[in-house]
Amino acid sequence: METAPAPRPATGGAAAAVATGAPRVVADGLTKDFGRIRAVDNLSFSVEQGSVTGFLGPNGAGKTTTLRMLLGLASPTSGTGTIGGRRYAELSDPARTVGAVLEATSFLPGRTARNHLRVCCAAAGVADRRADELLDLVGLTAVARVPVHAFSLGMRQRLSLATALIGEPRVLILDEPANGLDPQGMAWLRQLMRRMADAEGRAVLVSSHVLSEVEQVVDRVVIVARGRLLYDGTLRDLPGGQDGVVLRTPAAGRAVPALAALGAEVTISPDASLWITGAAPSAVGHACWQAGVEVHELRAVGWTLEQRFLALTADPVPPGPGR
């Protein structure tokens with residue numbers, strides 16, 4: 001649980017400087033093999049300036065490996081990852097081009113938050129005052145002189161984001177940036193990402209398992225499974241987005257066969273409610289009445305991003321070469 005003060009709104013000061021002309025992030029046929037295991041398989045997508053793109057997939061889908069290849073931390077077996085048409089190693093000023101959050105553990109535990117940022121500022125050729133601006137931006141000013149080993153996971157995430165923003169980069173690559181944040185912190189993070197894309201024209205690529213958060217902030221999603229691209233496009237066009245009916249009943253065992261007789265498809269959700277497609281709410285209610293099923297809730301809903309994601313990634317992807 002976070003213990004730091006709430007982050008300040010992302011307005012004003014140097015942190016609000018507009019980043020113009022953000023370069024495109026392009027993955028072109030990226031493939032990565034670890035021995036006989038193919039972690040990423042001929043993956044291609046792009047992230048445009050002025051947009052937030054969600055990078056989604058189950059655990060082990062190759063997301064972090066892909067991000068590491070884009071950032072020059074792993075060499076692709078084949079294909080290229082570029083930022084503004086250049087590989088990361090070819091960027092003339094990487095700190096001002098791309099900022100990244102890959103994990104919240106890469107700190108010297110005895111160093112204070114302020115000193116960590118000052119060291120990073122010096123390495124990037126940025127004035128020391130930027131450290132204090134960023135501590136204020138991410139809500140860590142009150143704990144600026146506290147050693148990082150005393151930070152919660154959420155506080156470390158904020159410090160990671162501050163580190164990524166040191167050079168006011170035009171591209172942000174964020175891997176699970178909401179991990180450990182409380183609801184207030186997640187709302188602030190959404191606001192920050194949208195402002196960076198909309199008002200500042202930056203390109204933001206964010207990987208996350210918190211699909212309810214992703215749904216509120218992204219313009220597009222790239223979905224992968226077992227290293228392969230499943231979908232690249234807008235949420236509106238994401239397949240599987242059919243309407244359905246939510247049914248809550250203490251007699252699910254009698255409800256399921258009654259609904260199956262209608263030709264409906266029934267899925268039991270983690271909260272024990274029934275998700276029904278292929279039947280109108282009135283038909284579901286009538287079938288329950290005929291079967292003597294007690295109904296606690298019955299409502300029509302559209303599929304959420306989580307439901308679309310689960311439907312899209314449910315079918316196994318055929319294994320690629322060498323698997």
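Numbering starts at 1 and runs along the sequence shown.
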Closest non-hydrogen atom pair between [X] and [Y], with its separation:
X      : Y      : answer
Phe151 : Val143 : CZ-O, 3.7 Å
Ala197 : Val52  : CB-CG2, 3.7 Å
Ala279 : Val284 : CB-CG2, 4.0 Å
Leu30  : Gly81  : CD2-N, 3.7 Å
Ser160 : Phe107 : OG-CZ, 3.3 Å
Cys121 : Ala131 : SG-N, 3.9 Å

Kindly say whether [Y] contributes a backbone atom to a donor-acceptor pair with the side chain of [X] at under 3.5 angstrom?
X      : Y      : answer
Arg130 : Leu165 : yes
Arg202 : Leu172 : no
Thr65  : Ala39  : no
Thr249 : Glu294 : yes
Lys63  : Gly57  : yes
Tyr88  : Thr82  : no
Arg111 : Pro147 : no
Ser273 : Ser269 : no
Glu215 : Leu305 : yes
Arg24  : Gly84  : no

Cluster question for you: counting only ILVMFWY and a side-chain heavy-atom cut-off of under 4.5 Å, with indirect links fine, are [X] and [Y] together?
X      : Y      : value
Leu310 : Ile223 : yes
Leu298 : Val246 : no
Val26  : Val40  : no
Val293 : Ile276 : no
Trp275 : Leu262 : no

Would you mind checking if [Y] and [X] are paired as a salt bridge, meaning a charged N to carboxylate O distance below 4.0 Å?
X      : Y      : value
Arg308 : Glu306 : no
Arg226 : Asp41  : no
Arg190 : Glu213 : yes

With a 4.5 Å heavy-atom cut-off, do [X] and [Y] have their side chains touching?
X      : Y      : answer
Met155 : Leu159 : no
Leu70  : Leu205 : yes
Met69  : Lys32  : yes
Leu102 : Leu67  : yes
Leu91  : Val98  : yes
Leu274 : Glu297 : no
Glu176 : Ser208 : yes
Leu135 : Leu117 : yes

Rounded to the nearest 0.5 Å, how far apart are [atom1] of [X] and [atom2] of [Y]?
X      : Y      : atom1 : atom2 : value
Asp136 : Thr141 : CG    : OG1   : 4.5 Å
Cys120 : Asn115 : SG    : CG    : 11.0 Å
Thr112 : Arg118 : OG1   : CZ    : 8.5 Å

Can you confirm whether the side chains of [X] and [Y] place a donor and an acceptor under 3.5 Å from each other?
X      : Y      : value
Thr64  : Asp175 : yes
Asn179 : His209 : no
Ser46  : Glu48  : yes

Pair Phe45 and Phe55, ring centroids less than 6.0 Å apart: yes

Test log, rule side-chain contact (heavy atoms from CB on, under 4.5 Å), inputs Thr234 and Asp219: CA-CA 6 Å; Thr234 65; Asp219 301 295; over 6 Å; no

Heavy atoms from other residues, nucleotides or ligands near CD1 of Ile268 exceed 12 (cutoff 6.0 Å): no

Contacts of His286 that satisfy ring pair (Phe, Tyr, Trp, His ring centres under 6.0 Å) - sequence neighbours left out: Trp289

